[in-house]
Structure formats: C-alpha cells, structure tokens
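Read the structure below first, then the notes.
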Amino acid sequence: QVQLVESGVGLVQAGGSLRLSCAASGRTFSSYPMGWFRRAPGKEREFVATISLSGGTKYYGDSVKGRFTISRDNAKNTVYLQMNSLEPEDTAVYYCAAGRYVAVNSQDYKYWGQGTQVTVSS
C-alpha cells in the first residue's frame, strides 16, 4: 500500500551535516504521520523523530533534540531528516516509517523503508 525508499550520503565526518530523504509511493502520502528511527549494532531500535500530517507537530528523541530536524513536503511525497553536528554515536541504520498517527513507538507504524546506513567518523 505504501512503499518507502530512503536516500542520502552514507559517510560523514564528526561535526558535519547530512540530509536524509524518504520518498513515498502508493497511498496518499499526506494521510500519514511519518517517523524516523535508527538501529545501531547491539542496540534496540531507537526513536529519532516524528511529524504530523501537516507538519505542525514534531517530536524528537532526547539524543538528537537540538541537532536533528524532521520536515515533510506533501506535494513531493517526501519526508526529510536534517542531521547537524553529527557524532560517531549517531552511526546507525536509519529507517523512515509511516503510520496513522504521531507516535514514538516503532510498533505504531505500519510501513517501513529498508533503511540506509549512516556512518560518522571521528
């Protein structure tokens, strides 16, 4: 029903910036709140950010608040994650997801992208 494809440069130095994109197809993109999650080796899937239908409501995980920004362009069926002041601890596979409401738990999202590797070197 919804297909999600992440894209973005996978390697960046500490202190640098990176913008991830997630393009959606299938059902109407504007009908879904969107989220970003990440999974580092040996760790649980971690909530990164979520955004409401119109983009008016946003929430961030504590580890990224103040450094990352989620946004969406419904006309382009795309959600973005702007990542600034990157740290080696941000190294993980990043996933975008679509659900029917804003949420911080991964199980509340129905559709997932395959993920994209982000590596931050020191």
Side-chain angles (χ1 to χ4, degrees):
Q1 293 180 308
V2 175
Q3 295 79 45
L4 304 173
V5 180
E6 301 97 337
S7 62
V9 178
L11 180 63
V12 65
Q13 290 184 299
S17 297
L18 181 65
R19 190 190 197 193
L20 301 181
S21 299
C22 177
S25 62
R27 303 184 73 179
T28 303
F29 176 78
S30 61
S31 297
Y32 297 93
M34 299 292 295
W36 285 96
F37 294 80
R38 67 186 184 184
R39 184 177 178 86
K43 295 185 178 181
E44 300 177 342
R45 195 196 310 265
E46 179 185 18
F47 167 72
V48 175
T50 187
I51 187 169
S52 60
L53 298 176
S54 63
T57 301
K58 302 175 183 179
Y59 297 106
Y60 297 94
D62 290 340
S63 63
V64 306
K65 187 176 182 180
R67 299 188 297 120
F68 291 9
T69 302
I70 188 172
S71 62
R72 67 190 297 161
D73 187 337
N74 290 339
K76 297 181 178 180
N77 295 332
T78 302
V79 63
Y80 305 95
L81 184 68
Q82 178 66 46
M83 309 162 69
N84 298 327
S85 301
L86 284 163
E87 305 167 354
E89 292 74 19
D90 296 316
T91 296
V93 177
Y94 284 73
Y95 303 87
C96 67
R100 290 192 176 275
Y101 48 87
V102 292
V104 301
N105 296 316
S106 61
Q107 59 265 36
D108 292 323
Y109 291 83
K110 294 184 177 181
Y111 309 105
W112 292 82
Q114 289 189 309
T116 185
Q117 175 71 46
V118 173
T119 301
V120 183
S121 62
S122 61

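Keep in mind the model is a prediction, meaning the values are calculated, not measured. By convention here, the first residue in the shown sequence is residue 1.
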According to disulfide bond (SG atoms under 2.5 Å apart), does anything in residues 92-122 pair up with another residue at least two apart or in another chain? List the pairs. Cys22-Cys96
So Arg38 and Val64, do their side chains get closer than 4.5 Å, heavy atoms only? yes
Honestly curious: do Leu4 and Ile70 fall in one hydrophobic cluster under the side-chain, below-4.5 Å linking rule? yes
Does CD belonging to Gln82 count more than 12 external heavy atoms closer than 6.0 Å? yes
Between Arg72 and Gly55 (side chain of the first, backbone of the second, donor and acceptor by atom type, cut-off under 3.5 Å), is there such a pair? no
Kindly compute the distance separating CG (Leu81) from CE (Met34), expressed to the nearest 0.5 Å. 11.5 Å
Greater than 12 external heavy atoms within 6.0 Å of Lys76's NZ: no
Does Leu18 share a hydrophobic cluster with Val93, counting links as ILVMFWY side-chain heavy atoms below 4.5 Å and allowing steps through other members? no
Which pair of heavy atoms, one from Ala14 and one from Pro88, lies closest together, and at what distance? CB-CD, 4.1 Å
Any chance CD of Glu87 has more than 12 other-residue heavy atoms, nucleotides or ligands included, within less than 6.0 Å? yes
Decide yes or no for Met83 and Val120: does some side-chain heavy atom of the first lie under 4.5 Å from some side-chain heavy atom of the second? no
Ignoring hydrogens, what is the shortest heavy-atom contact between Gly8 and Thr116? Give both atom names and the distance. O-OG1, 4.4 Å
Is atom CD of Glu44 surrounded by more than 12 heavy atoms (other residues, nucleotides or ligands) closer than 6.0 Å? no
Assess whether atom OH of Tyr60 is packed by more than 12 heavy atoms of other residues, nucleotides or ligands within 6.0 Å. yes
Please check: side-chain N/O of Lys110 versus main-chain N/O of Arg100, any donor-acceptor pairing under 3.5 Å? no
Main-chain N/O of Gly115 paired with Glu6 side-chain donor or acceptor, under 3.5 Å: yes
Hey, any chance Leu20 and Val2 share a hydrophobic cluster, counting ILVMFWY side chains that come within less than 4.5 Å of each other, even indirectly? yes
As an exercise, state the distance from OH of Tyr101 to OH of Tyr109, rounded to the nearest 0.5 Å. 9.0 Å
Is it the case that one hydrophobic cluster holds both Tyr111 and Ile51, taking links as side-chain heavy atoms less than 4.5 Å apart, direct or via other members? yes
Donor-acceptor pair, side chain of Asp90 and main chain of Ser63, under 3.5 angstrom: no
Roughly how far, to the nearest 0.5 Å, is the CZ atom of Phe68 from the NZ atom of Lys58? 14.5 Å
Option passing side chain to side chain contact (heavy atoms under 4.5 Å, CB included) with Thr91 (candidates Val12, Thr119, Leu86): Thr119
Arg45 meets the side chain to side chain contact (heavy atoms under 4.5 Å, CB included) criterion, sequence neighbours left out, with Phe37, Arg39, Tyr95, Ser106, Trp112
